[in-house]
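Below you'll find the structure, written out as structure tokens, and then a few comments.
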Amino acid sequence: MSDSKKTKSLLVSGLSLSVLTLCSRILGLIREMTKAAFLGTSFYADAFGIAFMIPNLFRRLFAENSISVAFIPTFRSYLEDASQEGVSETREFVKSTLTLVSFLTSIVVIIGIIITPKIVPFFYDGSNNDVLSETTILTRIMFPYLLVISIAAFFQGILNGVKIFAPSGFTPVLFNSIVIAFTYALSPHMANPARAMSVGVVSGGVVQALFQLPFVVKAKWWCGFSSIKKAFTNKGTRKVLALVGPTIIGMAAYQLNDVVSTALAGKAGEGIVSSLQYSLRLQELILGVFAVSIGTVILPDLSGLAKSEKWQEFNSMLTQAIKIIALISIPVTFFAFLCGEEIISLVYKSKKFSEQSVSLTLEAFKFHIAGLFFIAMNRIVSPAFYAQGNTKSPTLAGILGFFVNIALALALVKPMRGGGIALALTIASLANSVFLFIFLKKNKQLDVKSVTLGTIFYALKLVVLSVAASVPVFFMRPILLNAFSGHGRIISYAVPIFIMSVAFAAAGIFLLVITKDEIIKTIVRKVRKVRE
């Protein structure tokens, strides 16, 4: 395939995945809006947030981590063997991996359900037995989600390995739709809406797995199960376990950030856990659309360039991906910081989500959004290591970031509550970025200095342009809010936000054009090529 066709394929794949991820994130936001409408920042919202986090922790630790870091590169190496013997070995590897994933996650689910009453008290001060009891029930309902979503992640790994992205990109849309529907349908018939949402979570996970299965079959990679013995002795699964072993430590450190932060939030007062989660959902709406999409699409290409030792092209693709992330995330950060209260009020405010809930969420959001660029960049730089078969460096960066986050969270939670926990995460994300760039220098073939300096100077340029674009919004904001206040939530907040976003975007684009921004020029050139 020619370079122009590869570029076009990358653009098309990235665009389609971004559109699907955008739909998913919007529905994820609607899911949070549903949660806000039914639960607000009550103890039920905190209980659901903690209960959902526990199986989700294991999902991210084992399923997503194993698939992206270990399974896909190993699967791709098998696919490159075109012989009949190679196909047979690949099928055995796929069977063994599915068996291994299913067996290990089933064991974790069973143990998790049994020991839930011992886990839950870690997140509370123990003064309210009703809260402990409800969180225990919700956690036990949702623990099987780990099994079904791990199988779904495995199917996604197969499809992504053969460069089929759309079905996996659509499954989160199904998941969020089912959770929303179940909340409305089951809430009148269950003890509380949190339990209805929990049933929706498990059901949504089942659908995510089942939806992808026909596409796996169509791609001729449904191979069934093997024996447990074969699963553990297969040379491919042993390679996967060897690759994933070091990263589990790093991912464990990263995920422990969530655990410890949530525990600190749970003990800081009612509503802090849920307000942090509402804030993070807004941040992830942008983060997930672009960072995850770009990271997913470039990983196979980076792997190919690393294997072929085309380091100049590797360097160029990585630099461009980081700059695209900066071009999106830095301006969004400034706009969200200016209009955070209006955004939160528009999205969440309801009878259950009061002014106090808005204030709690804003307290976290203004610090969360400050770390948007660093978190997004980390999700682009980490695949650069995985593409080289290097899992240890991002692991170490994750561990160091974990210690930074926990130390700061412990120091800041008392004086700043939720805002302190959010600020700790942002500073830790910055530290993680610094560590990743330092470790990237170990590869002497890469021009890390040019990537680093290019990233810093481009980011600083965008900061200056974003400040300039924010000036008209700053002066417009009080006038617009006063003009549209008292006309219902949509008109009072949506109209001012829309007008301010148009003004901000227009000013930003004008500034980028007159400064002859390189990324804008590249995007324009590629769009013209696609049209031709």
Side-chain angles (χ1 to χ4, degrees), residues 6 9-10 13-14 17 20-21 59-81 86-87 89-102 104-105 149-169 171-172 208-209 212-213 215-216 219-223 231 234-248 250-251 291-308 314 317-318 321 379-395:
K6 280 184 179 179
S9 175
L10 182 62
S13 298
L17 190 59
L20 287 171
T21 310
R59 171 182 69 85
R60 290 170 181 166
L61 188 60
F62 296 112
E64 287 184 359
N65 185 45
S66 302
I67 298 304
S68 63
V69 175
F71 174 77
I72 291 178
T74 307
F75 183 48
R76 290 289 302 172
S77 68
Y78 270 100
L79 292 176
E80 289 171 8
D81 186 347
V87 172
E89 286 184 0
T90 306
R91 291 191 175 280
E92 280 301 316
F93 165 63
V94 171
K95 285 167 63 175
S96 297
T97 306
L98 176 59
T99 303
L100 196 67
V101 168
S102 303
L104 293 178
T105 52
I149 202 62
S150 297
I151 294 172
F154 171 75
F155 290 158
Q156 179 178 346
I158 291 176
L159 294 174
N160 288 0
V162 294
K163 297 194 176 183
I164 299 173
F165 299 105
S168 303
T171 54
Q208 280 186 286
Q212 293 179 94
L213 181 56
F215 295 95
V216 174
K220 298 180 180 179
W221 284 112
W222 168 249
C223 306
N234 181 274
K235 67 177 183 180
T237 57
R238 289 172 70 178
K239 183 179 178 181
V240 167
L241 290 172
L243 282 170
V244 84
T247 66
I248 285 179
M251 284 294 291
V292 175
S293 298
I294 294 172
T296 301
V297 171
I298 70 170
L299 178 56
D301 294 279
L302 286 176
S303 298
L305 292 172
K307 190 166 186 179
S308 305
F314 186 102
M317 180 177 282
L318 178 60
R379 297 192 185 186
I380 297 299
V381 178
S382 292
F385 289 96
Y386 304 146
Q388 302 171 63
N390 179 357
T391 58
K392 292 181 180 178
S393 294
T395 296

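Here the structure is a predicted model, which is why all the values come from computation and not from measurement.
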Quiz item: For S102, does its backbone N or O pair with a side-chain atom of T105 as donor and acceptor, under 3.5 Å?
Solution: yes

Self-check item: Side-chain heavy-atom pair R91, K220 within 4.5 angstrom cut-off
Solution: yes

Exercise. For Q208, check side-chain hydrogen bond (donor to acceptor under 3.5 Å, both in side chains) against everything at least two apart and list the hits.
Key: none

Quiz item: Is the closest side-chain heavy-atom distance between F75 and V240 below 4.5 Å?
Solution: no

Quiz item: Who pairs with F215 by side chain to side chain contact (heavy atoms under 4.5 Å, CB included), at least two apart in sequence or on another chain?
Solution: L159, P167, F211

Quiz item: Checking Q156 side chain against S168 main chain: does a donor-acceptor pair fall under 3.5 Å?
Solution: no

Self-check item: Candidate pair F71 and F93, rule ring pair (Phe, Tyr, Trp, His ring centres under 6.0 Å), full reasoning
Solution: CA-CA 10 Å; F71 174 77; F93 165 63; 5.4 Å; yes

Quiz prompt | Residues that K239 engages under salt bridge (charged side-chain N to carboxylate O under 4.0 Å, His left out), provided they are two or more places apart | solution = none

Quiz item: Out of curiosity, W222 CH2 to Q212 CD, how far, rounded to the nearest 0.5 Å?
Solution: 12.5 Å

Self-check item: With T237 via side-chain hydrogen bond (donor to acceptor under 3.5 Å, both in side chains) - residues at least two apart
Solution: none

Exercise. Identify the heavy atoms of N160 and I164 that sit nearest to each other, and give their distance.
Key: OD1-O, 3.3 Å

Quiz item: For S382, which residues count as a side chain to side chain contact (heavy atoms under 4.5 Å, CB included) partner, sequence neighbours excluded?
Solution: Y386, P394, L436

Exercise. Write down the atom of G236, the atom of T74, and the distance for their closest heavy-atom approach.
Key: O-CG2, 4.1 Å

Quiz prompt | Validation row: V94, L98 side chains within 4.5 angstrom (heavy atoms) | solution = no

Quiz item: CZ of F154 to CG of L100: how many Å apart, nearest 0.5 Å?
Solution: 10.0 Å

Exercise. Might you point out which heavy atoms bring L318 and V381 nearest each other, and give the distance in Å?
Key: CD1-CA, 4.4 Å

Self-check item: Residue list, ring pair (Phe, Tyr, Trp, His ring centres under 6.0 Å) with F385, at least two apart or on another chain
Solution: none

Quiz item: Out of curiosity, I158 CD1 to I72 CD1, how far, rounded to the nearest 0.5 Å?
Solution: 10.0 Å

Self-check item: Reported CG-to-CD distance for the pair N234 and E89, which is rounded to 0.5 angstrom
Solution: 8.5 Å

Quiz item: If you round to the nearest 0.5 Å, how far is NZ of K235 from CZ of R238?
Solution: 11.0 Å

